[in-house]
Protein chains: 2
Amino acid sequence: MRAVAGRPKLFDEYAVIERAQRVFWRLGYAAASTEELLAAMGIGKGSFYLAFPGGKKELFVKTVHQFHQATFQQLAQRVAASAQPLEEVKDYFRRIATAAPDAHEKGCYLGNTVVEMSVLDPALQQESGRLLLQLEGLFFTVIQQAQASGQLTNPTDARLLARHLLTLWNGLSITRRLYPDNAQLHELIDLQLAVLH
Amino acid sequence: MRAVAGRPKLFDEYAVIERAQRVFWRLGYAAASTEELLAAMGIGKGSFYLAFPGGKKELFVKTVHQFHQATFQQLAQRVAASAQPLEEVKDYFRRIATAAPDAHEKGCYLGNTVVEMSVLDPALQQESGRLLLQLEGLFFTVIQQAQASGQLTNPTDARLLARHLLTLWNGLSITRRLYPDNAQLHELIDLQLAVLH
DNA sequence: GCCAATTTGTACCGATTAGTACACAATTTA
DNA sequence: TAAATTGTGTACTAATCGGTACAAATTGGC
């Protein structure tokens with residue numbers, strides 16, 4: 001790539017978005033002030049509004065997509081690489097019960113966005129919902145394959161089971177805030193995964 | 001009650017809190033401006049800050065408690081009056097799939113509060129969580145009785161089943177925003193209630 | 001009718017916030 | 001080295017918001 005005239009950027013955009021995402025996850029969209037975001041990102045207003053002309057909202061949208069990209073791809077790769085994809089999905093849930101306490105308090109980034117953007121920005125809410133449904137789509141594929149291969153004997157419609165998993169995911173994102181206890185969460189998750197036998 | 005000197009209130013506090021609650025439910029706490037709240041309540045700033053010295057936050061806390069009082073009591077009474085309490089609980093969930101589309105968009109008032117108040121006011125978040133756990137407590141009592149009477153044959157620990165129901169409730173409060181379709185919601189709810197057999 | 005008590009409407013305020021303007025700095029190209 | 005281009009830091013702004021001050025209004029008690 002040919003070098004372009006002009007002063008070079010002093011920051012890496014990906015890293016900066018990731019740092020902003022951590023602030024948004026902790027505080028939500030509205031409560032995260034640009035001041036605190038800039039402090040976490042380590043850049044000034046000049047650089048910020050040049051890199052993100054849409055301001056705070058553009059930044060947030062980019063954190064949502066970058067977050068989804070990272071987490072979804074990670075699960076998709078685990079699933080693709082495994083001989084027992086369904087077990088990978090189960091582990092994806094079981095891992096919730098091994099998280100640090102402060103992780104429980106934050107819930108699910110996409111779920112939080114669906115809740116908060118309900119009125120603030122319906123288009124973005126729908127977009128976050130679409131990303132959650134993409135997760136459901138992955139569950140669906142795995143379940144369907146597991147049924148075809150006989151690894152999953154439960155004959156319930158795969159679409160319905162996938163929807164069950166997404167609802168479980170969303171439910172846990174709230175319930176886990178109420179139970180700080182990982183042992184209790186583990187029991188709960190196992191109970192709800194029992195249908196995948 | 002002996003009449004006290006002074007100009008009488010022109011509004012009913014219960015009704016005013018209920019109208020404010022509808023605004024909060026639609027917009028969330030932060031996005032609901034006092035201006036819009038006052039317009040919905042039909043009172044002026046003078047009356048407002050006299051009746052609610054704590055301002056917006058006190059008003060919100062009162063909407064949360066009044067809402068919980070109304071909805072929880074209603075379910076508790078249905079359960080107490082029924083010969084098959086467990087069926088009442090199931091209907092409580094099934095009724096979600098008969099709600100109007102705009103009801104789906106708003107989710108659960110207490111669940112939304114748990115999400116939004118995570119950082120804005122941890123004490124209030126905890127309080128809302130406590131109220132949700134009170135709902136779980138009701139589920140627990142009903143399940144325990146149903147197991148004792150033989151109406152529920154599933155031997156799983158009642159505490160765990162109750163927690164499952166609360167997680168289902170919380171999950172639906174987000175998932176229902178993603179599926180506008182009541183028929184699909186009905187299928188989903190039935191699947192998740194199947195464990196109560 | 002007059003006073004004390006209470007409620008109501010309105011004008012105002014201080015703080016915060018997202019965003020803009022613009023001068024200055026750093027780099028490439030010619 | 002000079003010009004063009006791009007990035008950075010800072011001072012400023014316009015708007016919004018929750019909350020306060022206070023005078024006017026309405027009632028009961030005497």
Side-chain angles (χ1 to χ4, degrees), chain A residues 1-17 19-21 23-24 26-64 113 116-117 119-121 123-124, chain B residues 1-17 19-64 113 116-117 119-121 123-124:
Chain A
M1 172 148 37
R2 185 167 165 279
V4 185
R7 183 172 176 173
K9 269 198 172 69
L10 293 181
F11 62 91
D12 174 46
E13 196 161 309
Y14 187 92
V16 154
I17 290 176
R19 283 196 282 257
Q21 179 253 303
V23 175
F24 278 131
R26 185 163 47 86
L27 301 177
Y29 175 79
S33 68
T34 50
E35 192 183 7
E36 182 156 3
L37 287 165
L38 291 176
M41 292 189 277
I43 66 177
K45 282 200 169 182
S47 309
F48 174 64
Y49 283 102
L50 184 71
F52 307 94
K56 188 179 167 181
K57 190 159 280 181
E58 179 184 341
L59 175 65
F60 185 70
V61 170
K62 289 191 170 166
T63 65
V64 168
T113 303
E116 186 173 8
M117 290 296 155
V119 163
L120 229 144
D121 190 334
L124 180 51
Chain B
M1 172 143 45
R2 185 168 164 278
V4 184
R7 184 171 176 174
K9 268 198 172 70
L10 293 181
F11 62 91
D12 174 45
E13 196 160 307
Y14 187 92
V16 154
I17 290 175
R19 284 197 281 258
Q21 180 253 301
R22 280 199 281 263
V23 175
F24 278 130
W25 201 353
R26 184 163 48 84
L27 301 178
Y29 175 79
S33 68
T34 50
E35 192 183 7
E36 183 155 3
L37 287 165
L38 291 176
M41 292 189 276
I43 65 177
K45 281 200 169 182
S47 309
F48 174 64
Y49 282 102
L50 184 71
F52 307 93
K56 187 178 168 180
K57 190 159 279 180
E58 179 185 341
L59 175 65
F60 184 71
V61 171
K62 289 191 170 166
T63 65
V64 168
T113 304
E116 186 172 10
M117 290 297 154
V119 164
L120 229 145
D121 189 335
L124 181 51

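Throughout, a chain's letter reflects where its sequence line sits, starting with A, and its residues are numbered from 1. Model, not experiment: these values are computed from the prediction.
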Decide yes or no on side chain to side chain contact (heavy atoms under 4.5 Å, CB included) for A:L59 and A:F48, but give the supporting numbers first. CA-CA 9 Å; A:L59 175 65; A:F48 174 64; 3.7 Å; yes
Pairwise salt bridge (Lys or Arg N to Asp or Glu O under 4.0 Å) hits with a residue in residues 23-39 of chain B, at least two apart: B:R26-B:E36
Pairs involving residues 39-53 of chain B, ordered by first then second residue, that meet salt bridge (Lys or Arg N to Asp or Glu O under 4.0 Å) (sequence neighbours left out): none
Please report, rounded to the nearest Å, how far the [atom2] atom of [N] is from the [atom1] atom of [X].
X	N	atom1	atom2	answer
B:K9	C:dA5	NZ	P	17 Å
A:L38	D:dT8	CG	C1'	12 Å
A:E58	C:dA18	CD	C1'	14 Å
B:D12	C:dT7	CG	C1'	16 Å
A:L37	C:dT17	CG	C1'	12 Å

What's B:L10 touching, base or sugar-phosphate or nothing? Going by heavy atoms closer than 4.0 Å. sugar-phosphate
Using a cut-off of 4.0 Å on non-hydrogen atoms, how would the nucleic acid contact of A:F52 be classed: base, sugar-phosphate, or nothing? nothing
Could you note down all residue pairs passing side-chain hydrogen bond (donor to acceptor under 3.5 Å, both in side chains) where residues 4-15 of chain B supplies at least one of them, sequence neighbours left out? none
Please identify each residue that fulfils salt bridge (charged side-chain N to carboxylate O under 4.0 Å, His left out) with A:K62, with sequence neighbours left out. A:E58
For B:K57, which residues count as a salt bridge (charged side-chain N to carboxylate O under 4.0 Å, His left out) partner, sequence neighbours excluded? B:D121
Side-chain contact, heavy-atom cut-off 4.5 Å: B:M41 with B:F11? no
What residues from residues 21-28 of chain B pass a heavy-atom cutoff of under 4.0 Å to DNA chain C? none
Residue set satisfying side-chain contact (heavy atoms from CB on, under 4.5 Å) with A:A40, at least two apart, ordered chain then number -> A:V23
Can you list everything that forms a side-chain hydrogen bond (donor to acceptor under 3.5 Å, both in side chains) with B:T113? Sequence neighbours excluded, please. none
Please report the C-alpha distance between A:L37 and A:F60 in whole Å, then the side-chain angles of each, then the deciding distance to 0.1 Å, and finally whether the side chain to side chain contact (heavy atoms under 4.5 Å, CB included) criterion is met. CA-CA 10 Å; A:L37 287 165; A:F60 185 70; over 6 Å; no
Reading nucleotides 10-24 of chain D from 5' to 3' and marking B where a protein heavy atom lies under 4.0 Å of the base, S where only the sugar-phosphate is that close, and - otherwise, the string is B-------BBB----
Within the distance-only criterion (no hydrogens, no angle test), does the side chain of B:K56 pair as donor or acceptor with the backbone N or O of B:Y29 below 3.5 angstrom? yes
Roughly how bent is the helix from C:dG1-D:dC30 to C:dA30-D:dT1 end to end, in steps of 10 degrees, with each end axis from five pairs? 10°
